[in-house]
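Note on naming: letters A, B, ... go to the chains in the order of the sequence lines (proteins, then strands), and numbering restarts at 1 for each one. All values reported here derive from a predicted model rather than from experimental measurement.
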Protein chains: 2
Amino acid sequence: MHSFTEENYLKAIYKLQETNGEVVATSALAQVMGVHAPSVTDMLKRMGQKKLVSYQKSKGVKLTEKGRQVAIGIVRNHRLWEVFLVEKLGYGWDEVHDIAEQLEHIQGEELINKLDAYLGFPKTDPHGDPIPDAKGVLPKLKSVLLSSLKEGEEATFTGVSDHSTSFLHYLDKAGIALGDMLKVKSIEQYDQTYTLALKGKREVTVSHKVANSILVS
Amino acid sequence: MHSFTEENYLKAIYKLQETNGEVVATSALAQVMGVHAPSVTDMLKRMGQKKLVSYQKSKGVKLTEKGRQVAIGIVRNHRLWEVFLVEKLGYGWDEVHDIAEQLEHIQGEELINKLDAYLGFPKTDPHGDPIPDAKGVLPKLKSVLLSSLKEGEEATFTGVSDHSTSFLHYLDKAGIALGDMLKVKSIEQYDQTYTLALKGKREVTVSHKVANSILVS
DNA sequence: TAATATATTTAGACTCATCTAATTTAAAAA
DNA sequence: TTTTTAAATTAGATGAGTCTAAATATATTA
């Protein structure tokens with residue numbers, strides 16, 4: 001139906017729209033796609049003709065409704081396959097991204113719905129990101145950054161805002177896992193370092209950078 | 001590593017070598033790949049330079065050892081994913097080919113080995129075709145055609161030589177499933193029609209064409 | 001507002017995998 | 001062995017997705 005390249009552009013535009021606002025710049029897209037700007041211009045022209053995006057010369061690009069549907073489908077595929085890799089094949093949450101980048105392009109509505117059922121209709125992927133349902137509806141999770149909590153407050157670790165392997169590794173090493181209850185014991189005024197109490201009374205001290213990459217609710 | 005197209009050519013050459021002998025003709029390849037002959041000539045030149053095939057102008061092609069390894073890897077992927085689709089997702093054996101054609105190109109040795117382990121290291125796919133192991137060794141199954149059996153002989157249904165959806169459908173409808181014990185009750189001399197006794201004393205009569213597409217051992 | 005810096009697009013070229021039309025090579029038949 | 005037929009290759013073109021270098025818009029700052 002659509003080429004892998006088109007799908008990857010759609011996904012990238014979708015994500016940039018989520019984080020950086022409605023209109024996406026050529027250069028931003030070039031950066032995340034790992035290509036040079038003129039390639040993006042060319043691609044956007046082609047995708048504009050196919051009504052996947054609405055593109056105005058030198059004004060940036062937005063997804064059309066059609067493009068948005070495709071993008072959400074890719075996100076759904078990606079996240080469900082990640083669940084499969086972790087839950088069924090025993091991969092770590094830090095190892096599944098690249099494989100899911102391939103699997104997300106496998107076509108077939110029935111396939112992904114069967115996979116969804118097989119996995120028990122999970123609501124989130126191994127990083128806590130929400131999985132769109134078969135109709136493309138994305139469950140809104142109302143999580144906040146750990147760094148927004150005050151001393152004494154308590155919450156459940158539900159997701160990460162930094163998906164890098166190195167950060168996920170760090171969390172593994174620090175023994176902080178998705179679903180853990182975290183209580184803010186103290187916040188160091190000088191450098192915004194957070195001391196957390198985890199299950200079993202274990203205490204961990206994390207930097208502000210880390211507190212800024214942890215989502216809780 | 002290799003493009004999907006290259007992988008599909010390698011698989012096609014591999015299968016043609018299995019059935020039609022060592023050297024594969026441009027036209028045969030064009031036919032199974034669904035492209036025109038000049039496209040094949042071009043592709044074989046490129047693949048020859050990459051040492052995936054040994055190609056001699058107007059003399060046909062053979063796989064190199066390197067090409068053969070890649071081809072067997074694809075076959076391994078294809079068949080393991082078929083097992084997954086049938087055993088885990090509940091697909092029918094007649095529905096999985098096209099999806100597996102996509103999944104077979106997913107890269108990652110670790111992935112396919114983990115999938116293999118998850119499935120319990122199956123020896124055959126849902127059609128009874130042998131699955132190469134992690135080292136690329138294909139278990140030799142010594143099966144024969146049902147049509148080679150004589151009256152009174154008995155054997156287990158272990159595979160099909162016709163993989164078409166329509167044939168698989170026919171077998172489903174006739175209630176003949178992989179693993180069934182089949183006994184040749186009688187063979188009609190006039191038109192080589194086979195009357196078979198299945199488990200539970202059920203009798204089924206099948207044409208010579210069907211007897212020629214069923215493998216037993 | 002004018003000058004400068006940055007972002008974007010045009011122009012022209014490359015690779016991969018394909019096509020059609022024309023030509024050449026190999027095989028089969030006379 | 002010559003002729004005819006079939007198979008394979010060359011030649012030239014196309015579309016997708018990319019590139020570099022040059023030109024043009026847009027934004028920023030003086």
Side-chain angles (χ1 to χ4, degrees), chain A residues 1-13 16-17 19-63 66-67 70-71 74 101-102 104-105 107, chain B residues 1-14 16-17 19-63 67 70-71 74 101-102 104-105 107:
Chain A
M1 195 60 186
H2 307 102
S3 71
F4 285 17
T5 308
E6 279 172 345
E7 292 188 348
N8 286 332
Y9 271 90
L10 290 172
K11 190 178 57 157
I13 296 167
L16 286 167
Q17 282 191 302
T19 53
N20 299 18
E22 218 200 331
V23 175
V24 174
T26 304
S27 52
L29 209 36
Q31 217 228 302
V32 314
M33 291 298 296
V35 299
H36 291 222
S39 310
V40 173
T41 301
D42 284 358
M43 194 64 191
L44 292 181
K45 280 184 196 165
R46 285 190 290 270
M47 289 173 71
Q49 300 201 316
K50 293 188 185 178
K51 307 282 182 204
L52 291 169
V53 298
S54 87
Y55 166 62
Q56 303 216 75
K57 247 213 272 236
S58 296
K59 294 262 156 64
V61 72
K62 293 188 267 189
L63 291 179
K66 185 179 167 194
V70 176
I74 306 294
E101 291 266 289
Q102 298 182 62
E104 70 190 6
H105 300 292
Q107 298 296 314
Chain B
M1 195 61 183
H2 307 102
S3 71
F4 285 17
T5 309
E6 279 171 344
E7 292 188 349
N8 286 332
Y9 271 89
L10 289 172
K11 190 178 55 156
I13 297 166
Y14 176 81
L16 286 167
Q17 281 190 303
T19 52
N20 299 17
E22 216 200 332
V23 175
V24 174
T26 304
S27 53
L29 209 37
Q31 216 227 301
V32 314
M33 290 299 297
V35 300
H36 291 221
S39 312
V40 174
T41 301
D42 284 358
M43 193 65 191
L44 293 182
K45 281 185 195 164
R46 285 191 290 269
M47 290 173 72
Q49 299 199 317
K50 294 188 184 177
K51 308 282 184 205
L52 291 169
V53 298
S54 87
Y55 166 62
Q56 297 201 305
K57 248 214 268 234
S58 295
K59 295 261 156 63
V61 264
K62 294 188 267 188
L63 292 180
V70 176
I74 306 294
E101 291 265 291
Q102 298 182 63
E104 71 190 4
H105 300 292
Q107 298 298 312

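When the nucleotides D/dT9, C/dT18, D/dC19 are ranked by their closest atom to the side chain of A/Val35, D/dC19 comes out on top. For B/Arg46, the side-chain atoms get nearest to C/dA17 when compared with the rest of D/dT10, D/dT18, C/dA17. Distance from the side chain of B/Lys45 is smallest for D/dT10 among the nucleotides C/dC19, D/dT10, C/dA17. Of the candidate nucleotides C/dT9, C/dT25, D/dT20, C/dT25 has the atom nearest to the side chain of B/Ser58. Distances were taken from every side-chain heavy atom of A/Ala25 (C-beta onward) to each of D/dC19, C/dT8, C/dA21; the shortest belongs to C/dT8.
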**Request:** Apply side chain to side chain contact (heavy atoms under 4.5 Å, CB included) to A/Ile74 and A/Leu10, showing your working.
**Result:** CA-CA 9 Å; A/Ile74 306 294; A/Leu10 290 172; 5.9 Å; no
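Using a 4.0 Å heavy-atom criterion, one finds that B/Ser39 contacts the bases of the nucleic acid, with or without backbone contacts as well. In this structure, A/Thr41 reaches the bases: a heavy-atom distance under 4.0 Å links it to at least one base atom across the strands shown.
At least one donor-acceptor pair closer than 3.5 Å links the side chain of B/Gln102 to the backbone N or O of A/Gln107.
A residue-by-residue look at B/Lys50 and A/Gly60 shows that A/Gly60 has its nearest nucleotide of DNA chain C further toward the 5' end. Taking for each of A/Met43 and A/Lys57 the nucleotide of DNA chain D with the nearest heavy atom, the 5'-most of the two is the partner of A/Met43.
With rounding to whole Å, B/Met33 atom CE is found 6 Å from C/dT18 atom P. Between B/Glu7 atom CD and C/dA17 atom C1' there is a gap of 15 Å when expressed in whole angstrom units. Nucleotide C/dA17 holds its P atom 11 Å from the CG atom of B/Asn8, rounded to whole Å. If you measure from atom NE2 of A/His2 to atom P of D/dA16, you get 13 Å, rounded to the nearest angstrom. The distance between atom CD of B/Glu6 and atom P of C/dT18, rounded to the nearest whole Å, is 11 Å. When the P atom of D/dA7 is taken as reference, atom CG of B/Asn20 falls 14 Å away, rounded to whole Å. In this structure, the CG atom of B/Leu44 is 15 Å from the C1' atom of C/dC16, given to the nearest Å. D/dG15 atom P lies 14 Å from atom CG of A/Asp42, rounded to whole Å.
To the nearest 0.5 angstrom, B/Glu104 atom CD is 3.5 Å from B/Lys11 atom NZ. How far CD of B/Glu6 is from CG of B/Leu52: 6.0 Å, rounded to the nearest 0.5 Å.
Considering only side-chain N and O atoms, A/His36 lies under 4.0 angstrom from the phosphate OP1 or OP2 of D/dT20. Using a 4.0 Å cut-off, no side-chain N or O of A/Lys59 falls inside it from OP1 or OP2 of D/dA25. Residue B/Tyr55 has no polar side-chain atom (N or O) positioned under 4.0 Å from OP1 or OP2 of D/dA8. Contact annotation: B/Ser27 does not reach the phosphate of D/dA6 (side-chain N/O to OP1 or OP2, under 4.0 Å). The phosphate of D/dT18 has OP1 or OP2 within less than 4.0 Å of a side-chain N or O from A/Tyr9.
The one candidate from A/Glu7, A/Lys50, A/His105 that meets the side chain to side chain contact (heavy atoms under 4.5 Å, CB included) condition with A/His2 is A/Glu7.
For the pair A/Val53 and A/Leu44, the tightest heavy-atom approach, listed with the atom from each and the gap, is CG2-O, 4.0 Å.
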